[in-house]
Amino acid sequence: MERIIQQTDYDALSCKLAAISAGYLPSSALQRLPADLAKKYTQWHREYLLTLKKFSRRAFGKVDQTMRSSFPVMNYGTYLRTVGIDVAILDFLDANEKVQVVNLGCGSDLRMLPLLMMFPHVRCVDIDYSDSVQLKNKILRENGTLRNDLDLSEDSADSSPVLVDQERYKLIACDLNDILKTTRLLNTCTSGDIPTIIISECLLCYMHEKESQLLIHAVSAKYAHGLWISYDPIGGSQPNDRFGTIMQSNLRESRNLEMPTLMTYNSKEKYASRWPETLNVIINDMWEVLNTQIPEIERKRLRSLQFLDELEELKVMQTHYILMKAEW
Ligand code: SAM
């Protein structure tokens with residue numbers, strides 16, 4: 001199961017590359033990227049994919065194929081999840097100068113690169129299963145652009161489980177189901193006094209209820225001031241809503257993959273109830289994010305990229321994904 005879960009990262013990567021290729025990402029306006037970094041954003045992702053080919057032709061083939069078969073509705077979804085999370089990060093950075101960003105289940109996400117370049121006082125910590133971060137570590141060190149922009153050496157001098165151990169960037173191998181190891185590593189690599197952003201982007205949906213709740217409670221208790229940003233699918237709670245059950249059976253049949261809590265936390269309210277009541281929680285589905293948080297000028301830009309015929313399908317999909325922000 002662990003291996004199957006790790007491979008979901010290739011879906012996330014191919015969706016991101018497809019959205020970049022079709023011009024949805026980057027959004028210079030909302031991700032607040034200066035022109036040089038907007039150009040780099042595209043370059044980092046392309047070079048990551050090309051370097052992935054050197055280490056795993058199979059993974060490259062999968063990502064490349066999925067990327068090429070992407071539809072406008074999927075590009076909208078990737079755009080919304082990426083920009084939604086980035087805007088939440090940037091708003092927190094507006095209010096706090098020295099911040100650490102901990103990305104749980106980071107996969108191939110490269111959002112640490114613009115953050116490290118744009119904000120000199122930000123530190124980033126990426127955590128995923130050992131196999132996933134070992135591959136990410138090899139790619140970051142092999143590719144000249146990624147290596148230089150992260151100021152890494154070509155050889156992997158740092159030892160497991162901290163594969164990159166820099167002052168401002170750490171790449172850590174850890175099974176997040178192991179709460180003792182997770183908290184021990186966070187105690188070593190982060191500080192409880194620094195304002196902290198925790199990201200879980202399509203992570204909790206693959207974890208079992210007990211382990212995910214332990215993770216949420218242990219990690220949010222660690223930091224004096226924080227913001228937890230979580231993005232996940234929800235199964236749907238209306239009597240005739242079959243989105244979640246269909247999604248579960250499709251995943252089971254096609255990949256032997258489970259989303260154990262999709263129907264437990266099947267509404268926005270139930271999903272938000274996973275965080276301690278004392279936190280200030282805001283939760284939106286992604287259809288609400290599109291219609292209330294993306295300015296009209298940006299929506300017009302998106303409409304100009306590809307013809308979107310399937311508006312009803314977009315609505316059904318996006319009402320079944322949420323962006324949750326819990327601040328304390
Ligand atoms: N967050 C990244 C993104 O959105 O681009 C990757 C998302 S991918 C769908 C899910 C990631 O969570 C995978 O990289 C997987 O290995 C990681 N993951 C799931 N369960 C995990 C666990 N128990 N410990 C560490 N990583 C985990």
Side-chain angles (χ1 to χ4, degrees), residues 8 12 77-78 80-93 95-96 99 101-106 109 127 176-177 179 182-183 186 195-245 247-248 258-294 314-328:
T8 61
T78 307
L80 287 171
R81 104 191 224 185
T82 306
V83 165
I85 293 173
D86 283 349
V87 168
I89 294 174
L90 293 167
D91 288 348
F92 191 82
L93 286 170
N96 303 277
V99 169
V101 181
V102 179
N103 194 346
L104 302 176
C106 60
D109 190 0
I127 306 182
L176 296 161
N177 289 312
I179 197 64
T182 305
T183 44
L186 287 175
T196 301
I197 297 174
I198 309 292
I199 303 169
S200 53
E201 183 180 7
C202 280
L203 162 76
L204 300 175
C205 60
Y206 297 114
M207 294 179 70
H208 285 275
E209 178 161 13
K210 184 174 154 219
E211 285 75 10
S212 61
Q213 289 311 108
L214 274 174
L215 183 72
I216 290 171
H217 286 267
V219 174
S220 49
K222 254 202 69 51
Y223 302 99
H225 176 197
L227 170 71
W228 192 309
I229 307 169
S230 197
Y231 169 89
D232 262 321
I234 49 169
S237 58
Q238 297 304 310
N240 294 325
D241 190 337
R242 298 190 55 232
F243 186 91
T245 45
M247 188 173 190
Q248 278 182 324
E258 295 289 338
M259 284 191 174
T261 59
L262 189 72
M263 298 311 295
T264 313
Y265 303 114
N266 61 356
S267 66
K268 288 192 293 185
E269 295 70 23
K270 285 188 189 155
Y271 191 92
S273 74
R274 305 173 81 169
W275 277 264
E277 271 176 14
T278 46
L279 310 194
N280 178 16
V281 177
I282 298 173
I283 186 159
N284 288 108
D285 66 50
M286 303 313 285
W287 183 247
E288 291 168 340
V289 170
L290 174 63
N291 290 299
T292 62
Q293 295 174 25
I294 307 295
L314 180 69
K315 182 175 175 185
V316 171
M317 277 185 74
Q318 296 310 317
T319 48
H320 289 89
Y321 283 85
I322 56 83
L323 181 67
M324 192 272 341
K325 294 173 265 184
E327 190 163 0
W328 67 97

*Asks:* Any chance you could measure D86, atom CG, to D91, atom CG, to the nearest 0.5 Å?
*Replies:*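 Reported to 0.5 Å precision, the distance equals 11.0 Å.
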*Asks:* Return the CE to CE distance between M259 and M247, rounded to the nearest 0.5 Å.
*Replies:* 4.0 Å
*Asks:* Are T264 and K270 close enough that some pair of their side-chain heavy atoms sits under 4.5 Å apart?
*Replies:* no
*Asks:* So, taking the atom named CD1 in I89 and the one named CD1 in I229, what distance separates them when rounded to the nearest 0.5 Å?
*Replies:*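 Going from CD1 on I89 over to CD1 on I229, the span is 4.5 Å.
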*Asks:* Please determine whether side-chain contact (heavy atoms from CB on, under 4.5 Å) holds for the pair W287 and V316, giving the CA-CA distance in whole Å, both sets of side-chain angles, and the decisive distance to 0.1 Å.
*Replies:* CA-CA 8 Å; W287 183 247; V316 171; over 6 Å; no
*Asks:* Can you see which heavy atom on I179 is nearest to which on L215, and at what distance?
*Replies:*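 Nearest pair, atom of I179 first, then L215: CD1-CA, 3.5 Å.
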*Asks:* For T319 and F243, what are the C-alpha separation, side-chain angles and deciding distance, and is it a side-chain contact (heavy atoms from CB on, under 4.5 Å)?
*Replies:* CA-CA 10 Å; T319 48; F243 186 91; over 6 Å; no
*Asks:* Supply the atom-to-atom distance I199 CD1 to L227 CG, rounded to the nearest 0.5 angstrom.
*Replies:* 9.0 Å
*Asks:* Which atom names give the shortest non-hydrogen contact between E288 and I283, and what distance separates them?
*Replies:* OE1-O, 4.4 Å
*Asks:* So V87 and Q293, do their side chains get closer than 4.5 Å, heavy atoms only?
*Replies:* no
*Asks:* Could you grab the distance from atom OH of Y231 to atom CD1 of I85, nearest 0.5 Å is fine?
*Replies:*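 Here the rounded value is 8.0 Å.
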*Asks:* When rounded to the nearest 0.5 angstrom, what is the spacing between CG in L80 and OH in Y321?
*Replies:*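 That separation rounds to 12.0 Å.
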*Asks:* Do L204 and R274 touch side chain to side chain, with heavy atoms closer than 4.5 Å?
*Replies:* yes
*Asks:* Apply side-chain contact (heavy atoms from CB on, under 4.5 Å) to W228 and L104, showing your working.
*Replies:* CA-CA 11 Å; W228 192 309; L104 302 176; 4.0 Å; yes
*Asks:* Are any non-hydrogen side-chain atoms of E269 and S237 less than 4.5 angstrom apart?
*Replies:*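 The answer is no, as the side chains (C-beta and beyond) never meet within the 4.5 Å cut-off.
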*Asks:* Quick one, L186 with K222, criterion side-chain contact (heavy atoms from CB on, under 4.5 Å). Give me CA distance, side-chain angles, the key distance, then yes/no.
*Replies:* CA-CA 9 Å; L186 287 175; K222 254 202 69 51; 3.9 Å; yes
